[in-house]
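Here is the structure we will look at, set down as structure tokens.
Convention: sequence-line order gives letters A, B, ...; per-chain numbering from 1.
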Amino acid sequence: GAGVSQSPSNKVTEKGKDVELRCDPISGHTALYWYRQSLGQGLEFLIYFQGNSAPDKSGLPSDRFSAERTGGSVSTLTIQRTQQEDSAVYLCASSSPGLAGGPSVTDTQYFGPGTRLTVL
Amino acid sequence: GQNIDQPTEMTATEGAIVQINCTYQTSGFNGLFWYQQHAGEAPTFLSYNVLDGLEEKGRFSSFLSRSKGYSYLLLKELQMKDSASYLCAVRDRTGGFKTIFGAGTRLFVKA
């Protein structure tokens with residue numbers, strides 16, 4: 001596609017339910033990032049994929065959060081047993097490969113429109 | 001660990017020049033980025049610095065001093081549409097080239 005897409009754009013769920021957020025990166029981008037942004041706050045790094053593997057999962061807030069990426073393309077972020085503090089905009093970004101398929105020199109990240117999650 | 005500091009808010013007048021500062025601490029510096037984010041929208045890339053000095057791109061310029069852990073974004077000839085948050089982000093080669101974002105500086109441009 002032309003840009004990074006995310007679905008759904010909005011998700012309202014009840015506390016305790018599981019949610020799945022989807023990200024379709026720009027075609028050919030091997031690096032994929034998930035961030036969380038609470039109202040009026042900066043971006044909080046969650047997880048980074050290079051291909052299908054996640055070299056850095058250090059940002060995941062708890063074991064209720066998990067993410068996977070298949071085929072080097074689509075990624076899903078799953079939040080189990082959602083809590084009210086999980087309410088935020090979840091942003092996905094992708095970047096193009098550099099030499100040897102690793103992160104590019106500039107690693108310019110192209111962001112999707114985000115999924116606004118509201119946990120009641 | 002990593003730490004990025006930038007002012008929370010700034011106000012400037014249309015047509016003026018504004019400088020947004022960013023200081024950072026990181027163990028494996030591998031580039032500094034500035035992103036612009038309008039309210040309710042995703043961030044968009046503005047600039048990238050990896051070597052010391054000034055990078056100019058139209059009305060926007062970005063400066064980096066690696067020895068001081070310091071960068072600034074300079075916006076000239078301010079326009080009302082420049083009202084947005086400006087995010088400083090640092091790429092860290094440790095842990096697989098993670099990018100850490102600052103909390104952002106909200107810029108208000110007034111007439």
Review point. Under 4.5 Å between any side-chain heavy atoms of B:Y35 and A:Q109, yes or no?
Key: yes
Check your understanding: When rounded to the nearest 0.5 angstrom, what is the spacing between OG1 in A:T108 and CZ in B:F33?
Key -> 6.0 Å
Review point. Do A:V89 and A:W34 share a hydrophobic cluster (ILVMFWY, side-chain heavy atoms under 4.5 Å, transitive)?
Key: no
Review point. Hey, which of B:G31, B:P43, B:A89, B:A39 has the most heavy atom pairs under 4.5 Å with chain A?
Key: B:P43
Review point. Counting only heavy atoms not in A:E85, do more than 12 sit closer than 6.0 Å to its CD atom?
Key: yes
Check your understanding: Say you draw a straight line from CD of B:Q37 to CZ of A:F111; how long is it, rounded to the nearest 0.5 Å?
Key -> 8.0 Å
Check your understanding: Would you say the side chain of A:F45 lies within less than 4.5 Å of the side chain of B:F101, judging by non-hydrogen atoms?
Key -> no
Practice item. Measure A:Q37 against the heavy atoms of chain B and call it side chain, backbone, both or neither at under 4.5 Å. Key: side chain
Review point. Taking a hydrophobic cluster as the set of Ile, Leu, Val, Met, Phe, Trp and Tyr residues connected by side-chain heavy atoms closer than 4.5 Å, whether directly or through intermediates, do A:Y35 and A:F49 fall within one such cluster?
Key: no
**Study point:** Residue A:L43 versus chain B: region with a heavy atom under 4.5 Å
**Key:** both
Using a 3.5 Å cut-off and no angle test, enumerate the donor-acceptor pairs between side-chain atoms of residues 103-111 of chain B and protein atoms at least two apart in sequence or in another chain.
from   : atom 1 : to   : atom 2 : distance (Å)
B:T105 : OG1    : B:Q6 : NE2    : 3.0
B:T105 : OG1    : B:P7 : O      : 2.5
B:R106 : NH2    : B:E9 : OE2    : 3.3

Check your understanding: Given B:F45 and A:Y110, is the ring-ring contact (aromatic ring centres under 6.0 Å, His included) satisfied, shown in steps?
Key -> CA-CA 7 Å; B:F45 170 80; A:Y110 297 87; 7.7 Å; no
Review point. Got a sec, which hydrophobics cluster with A:V12, joining ILVMFWY side chains under 4.5 Å apart, including via others?
Key: A:L120
Review point. Between B:A42 and A:G112, what is the shortest heavy-atom contact and its length?
Key: CB-O, 3.0 Å
Point to revise | Heavy-atom pair with the smallest gap, counting every atom of A:Y33 and B:T99 | key: CE2-OG1, 4.5 Å
Point to revise | B:E77 atom CD, neighbour heavy-atom count above 12 within 6.0 Å | key: no
